[in-house]
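Since the model is a prediction, treat every value here as computed from it, not as a measurement. Letters A, B, ... mirror the listed sequences (proteins, then strands); counts begin at 1. Quick note: numbers below take in every heavy atom, side chains included, and nothing from hydrogens, waters or symmetry partners.
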There are 2 protein chains.
Amino acid sequence: MSPLTTQSELPENTRDRLLIAAREVFGELGFKGATVREICRRAGVNVAAVNYHFNGKEALFMAALELEPITDLIAPDESGSAEERLTRFIREFVGRVMEQGCTPHTRLLLRELHEPSPALDSIAKTFIVPLHQHLTRLVRGVVGDEAPAAEVRRCVFSIFGQCTYYRNSREMNHLVYPELHYDEQEIEAAARHIAEFSLAGIKRVTSD
Amino acid sequence: MSPLTTQSELPENTRDRLLIAAREVFGELGFKGATVREICRRAGVNVAAVNYHFNGKEALFMAALELEPITDLIAPDESGSAEERLTRFIREFVGRVMEQGCTPHTRLLLRELHEPSPALDSIAKTFIVPLHQHLTRLVRGVVGDEAPAAEVRRCVFSIFGQCTYYRNSREMNHLVYPELHYDEQEIEAAARHIAEFSLAGIKRVTSD
DNA sequence: TTGCAGTTCAAACATGCGTTTGATACGCTT
DNA sequence: AAGCGTATCAAACGCATGTTTGAACTGCAA
């Protein structure tokens, strides 16, 4: 097992420091918004290091994505009822997406949903497609095999849409609801809401 | 009634040509991504015109937003049941948000949800807050006054989240579902899905 | 010590950006 | 025709960006 490491601890070698800083800055500002100089400043290395260890900004971005499948999120889950499995997934997904449990790496991926970068294709294949497939299986578990595929797909969209909304619109939402803060309790409530809301919705639209 | 005008027709005067081109380019690329040079190229005017007629890129952006309330979308609607009113709003909202009926101006506003610009505050006050209030009223019409405010707010988020997902994640979704195209029929189906899905969800989470 | 490959560095380079400038053209009144 | 304010233009300015350069440093083998 990999030991829990605080994100403040920096590796010795320049390459890894760059990767860590890159995930932070790309996740905060996006591919275009992030600057090589800011990444190097946070990593405490010279700007030329980006082109020495990688081959420019874009290659650093690709490397920062760590294109390995998110196996744990989409791992087969056989315990409990179909409803419980779907609820658990939503809870886990919302937890990762929201501020608290959101690693720079996750933030980096989420941004890709609405701000395409040069890595859009790779990200789609490596993360989003498996995620959609997994969620589709979970929904199918609830509604059975007879429900039309188009309707199931729309249910998947509805769930993803709700889950990502909380993160992607958080700045605007904070202006609209200044008193609303996403602490552990509110995230838990939001996840439970999305699960209940969606389960009822799923059953309704596939009941014909 | 204002006559239907094709968006290809260009006004004579430089200022209006700039506004039209600005909505296009800002809507496609966002505030930072858009360049003054590209806007001027599309408008067919000199780059200096931006600083002559407005006062720099940011002022042009603000002017392009046309900060007038979207009165028609949030107009009081008393006909039919509460469910019908909510369904109608969702249909109208989704229709505007999706490609077909989406004016450059609407696109410009939608982008603000997840990509804050210097105009975030103004947009929140002028568009988003009234929109949330209106949708909150519609949800209240369905669930009554006893439902907890926090639960109603989450329902509003769920609905907005679903509606905006279709647009904001469309590039990624097109990679995941290449065969899926949003023609008039699919938009209609998506809107109906969101309405049914949400009505069932709303009733479920406020039934305790 | 010498030589060499691997790293790091300050500095410069080329490009694209928003903005400014000074000249020029146009329309209008006198 | 002369004068004047408005509008447009090509060109340049100042700045930030990604990238490159060539020198300096490091550790290790010969």
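- In terms of heavy-atom proximity, A/Leu65 sits nearest to A/Ala119 at CD1-CB, 3.3 Å.
- We find the OG-CD1 distance between A/Ser158 and A/Ile194 to be 11.5 Å, quoted to the nearest 0.5 Å.
- Aromatic ring centroids of B/Phe160 and B/Phe93 lie under 6.0 Å apart.
- On the nucleic acid side, DNA chain C contacts chain A at distances under 4.0 Å to non-hydrogen atoms, with the end points of that region at C/dG6 to C/dA12.
- In terms of phosphate contacts, A/Asn51 brings no side-chain nitrogen or oxygen within less than 4.0 Å of OP1 or OP2 of D/dG18.
- Between D/dA10, D/dT17, D/dT19, one nucleotide has an atom nearer to the side chain of A/Val47 than all others, and that is D/dT19.
- Across all strands, B/Ala34 comes closer than 4.0 Å only to sugar-phosphate atoms, never to a base (heavy-atom distances).
- Each of B/Tyr52 and A/Ala48 has a nearest nucleotide on DNA chain D; the 5'-most of these lies closest to B/Tyr52.
- With the nearest nucleotide of DNA chain C identified for both A/His53 and A/Arg37, A/His53 has the one nearer the 5' end.
- Remark: aromatic rings of B/Tyr177 and A/His132 are close, center separation under 6.0 Å.
- Rounded to whole Å, the distance from NZ on A/Lys32 to P on D/dA16 is 17 Å.
- A straight line from CG of A/Leu60 to C1' of D/dT19 spans 14 Å, rounded to a whole angstrom.
- Judged as a side chain to side chain contact (heavy atoms under 4.5 Å, CB included), and not counting sequence neighbours, the contacts of A/Arg37 are A/Thr35, A/Val47.
- Of all non-hydrogen atoms in A/Arg111 and A/Glu28, the two that sit nearest each other are NH2-O, 2.7 Å.
- Protein atom CD1 of A/Ile39 is 14 Å distant from nucleotide atom C1' of D/dT19, rounded to whole Å.
- The distance from atom CZ of B/Phe54 to atom P of D/dT8 is 11 Å, rounded to the nearest whole Å.
- A straight line from CG of A/Asn46 to P of D/dT21 spans 15 Å, rounded to a whole angstrom.
- Remark: DNA chain C forms stems of 3 or more consecutive Watson-Crick or G-U wobble pairs, all pair distances under 3.5 Å, at C:1-30 with D:1-30.
- Taking both residues in full, the closest heavy atoms of B/Gly95 and B/Ile187 are given as CA-CG2, 4.4 Å, listed atom of the first, atom of the second, then distance.
- Atom CD1 of A/Ile202 sits about 10.5 Å away from atom CD of A/Glu151, to the nearest 0.5 Å.
- Here the closest non-hydrogen pair linking A/His134 and A/Ala75 is CE1-O, 3.5 Å.
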